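Here's the structure we're looking at; comments come further down.
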Amino acid sequence: MTALRKTLKLPLAEARARVEAGLREEGFGILTEIDVSATLKARLGLERPPYLILGACNPSLAAKALEAEPDIGLLLPCNVVLRQEGEEVEILIQDPEATFALLPEGVRAKLGTLPQEARERLARALGRL
């Protein structure tokens, strides 16, 4: 799976705070949160290490993408995963270039350099960690 990745030796809450701060510096906010481990515990009784999916959105980039292709909402927001692995937290960020590469050529042409710009911003946010 294509993703931007980084591993931090931090507690999950601290890693999350750093991820959110880095994303904010690039114009992204968190729209959604799914606590996968809590959901699996509540619904299925399964114990899993902490696993969060955050839905990150840069409103300016989202507006441009929606203007180019109204159906693009199926691919928004960018997912950011924080997964506890022992004493480390693995951070994975959806690669917009790879995701948008699945779109038909005509849609990709309308998007222009937007997927690359989104990827660059997300990579810079991850690099700040």
Side-chain angles (χ1 to χ4, degrees):
M1 195 167 300
T2 305
L4 308 171
R5 297 172 181 263
K6 188 161 197 165
T7 301
L8 300 176
K9 193 167 186 168
L10 295 171
L12 185 73
E14 190 175 337
R16 179 188 178 152
R18 288 189 185 189
V19 167
E20 288 188 31
L23 290 169
R24 254 191 318 277
E25 288 185 43
E26 292 297 331
F28 289 84
I30 303 302
L31 298 178
T32 61
E33 175 185 337
I34 301 168
D35 186 334
V36 176
S37 52
T39 300
L40 294 176
K41 172 72 174 165
R43 304 239 173 121
L44 302 174
L46 297 175
E47 293 285 342
R48 302 286 308 225
Y51 192 111
L52 297 175
I53 302 172
L54 305 176
C57 178
N58 177 305
S60 175
L61 296 176
K64 290 176 188 175
L66 288 164
E67 186 175 316
E69 176 55 56
D71 292 348
I72 204 81
L74 291 168
L75 300 178
L76 300 177
C78 294
N79 282 329
V80 178
V81 170
L82 287 87
R83 179 174 60 205
Q84 187 80 48
E85 297 281 339
E87 294 182 17
E88 299 178 329
V89 175
E90 185 173 22
I91 298 139
L92 298 93
I93 301 178
Q94 174 184 331
D95 182 342
E97 278 188 293
T99 301
F100 288 5
L102 301 171
L103 296 169
E105 177 60 38
V107 175
R108 289 196 316 268
K110 286 191 231 176
L111 290 170
T113 61
L114 189 136
Q116 292 86 2
E117 181 182 349
R119 186 186 196 288
E120 289 168 4
R121 288 174 179 240
L122 292 166
R124 281 195 303 263
L126 192 63
R128 287 189 181 98
L129 304 179

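For this chain, numbers begin at 1 and follow the sequence in order. Note that the structure is predicted; figures quoted are calculated from it, not measured.
- Residues Leu8 and Leu82 fall within the same hydrophobic cluster, defined by Ile, Leu, Val, Met, Phe, Trp and Tyr side chains chained together at heavy-atom separations under 4.5 Å.
- Here Ser60 contributes atom OG and Arg121 contributes atom CZ; the two are 6.5 Å apart, rounded to the nearest 0.5 Å.
- The shortest side-chain heavy-atom distance between Leu23 and Leu122 falls under the 4.5 Å cut-off.
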Stepwise, does the side chain to side chain contact (heavy atoms under 4.5 Å, CB included) test hold for Phe100 with Leu114? CA-CA 10 Å; Phe100 288 5; Leu114 189 136; 4.0 Å; yes
Decide yes or no on side chain to side chain contact (heavy atoms under 4.5 Å, CB included) for Ile91 and Arg18, but give the supporting numbers first. CA-CA 11 Å; Ile91 298 139; Arg18 288 189 185 189; over 6 Å; no
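- Under the 4.5 Å side-chain contact rule for hydrophobic residues, Leu12 and Val81 do not share a cluster.
- Electrostatic pairing of Arg108 and Glu105 counts as a salt bridge here, judged by a charged N lying under 4.0 Å from a carboxylate O.
- Distance alone, capped at 3.5 Å, places no donor-acceptor pair between the Glu47 side chain and the Pro49 backbone.
- Here the side chains of Thr7 and Glu85 are not in contact, with every heavy-atom distance at 4.5 Å or above.
- The hydrophobic cluster containing Ile34 does not contain Leu52, counting ILVMFWY residues as joined when their side-chain heavy atoms lie under 4.5 angstrom apart, directly or transitively.
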Would you be so kind as to tabulate the donor-acceptor pairs closer than 3.5 Å made by side chains of residues 26-33, with sequence neighbours excluded?
residue: Glu26; atom: OE1; partner: Arg124; partner atom: NE; Å: 3.3
residue: Glu26; atom: OE1; partner: Arg124; partner atom: NH2; Å: 2.8
residue: Glu26; atom: OE2; partner: Arg124; partner atom: NE; Å: 3.0
residue: Glu26; atom: OE2; partner: Arg128; partner atom: NH1; Å: 2.9
residue: Glu26; atom: OE2; partner: Arg128; partner atom: NH2; Å: 2.9
residue: Thr32; atom: OG1; partner: Gly55; partner atom: N; Å: 3.3
residue: Glu33; atom: OE1; partner: Arg16; partner atom: NH1; Å: 3.0
residue: Glu33; atom: OE1; partner: Arg16; partner atom: NH2; Å: 2.9
residue: Glu33; atom: OE2; partner: Arg16; partner atom: NH1; Å: 3.3

Step by step, work out the side chain to side chain contact (heavy atoms under 4.5 Å, CB included) result for Val89 and Val19. CA-CA 11 Å; Val89 175; Val19 167; over 6 Å; no
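- Using a 4.5 Å cut-off between side-chain heavy atoms of Ile, Leu, Val, Met, Phe, Trp and Tyr, with links allowed through other members, Leu46 and Ile53 fall into the same hydrophobic cluster.
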Apply the test side chain to side chain contact (heavy atoms under 4.5 Å, CB included) to residues Leu4 and Arg119: give CA-CA distance (whole Å), side-chain angles for both, the deciding distance (0.1 Å), then the verdict. CA-CA 9 Å; Leu4 308 171; Arg119 186 186 196 288; 3.1 Å; yes
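- In plain terms, the two heavy atoms of Pro115 and Pro96 that are nearest each other are O-CB, 4.0 Å.
- Side chain of Arg48 to backbone of Ser37: no donor-acceptor contact under 3.5 angstrom is found.
- Taking CD of Gln94 as the start and OG1 of Thr99 as the end, the distance is 4.0 Å to the nearest 0.5 Å.
- Using a 4.5 Å heavy-atom cutoff, the side chains of Val80 and Glu20 are not in contact.
- Separation of atoms SG (Cys57) and CG (Leu76) is listed at 6.5 Å; rounding is to 0.5 Å.
- With hydrophobic clusters built from ILVMFWY side chains whose heavy atoms lie under 4.5 angstrom apart, Leu10 shares a cluster with Ile93.
- Here the side chains of Leu111 and Leu103 are in contact, with some heavy-atom distance below 4.5 Å.
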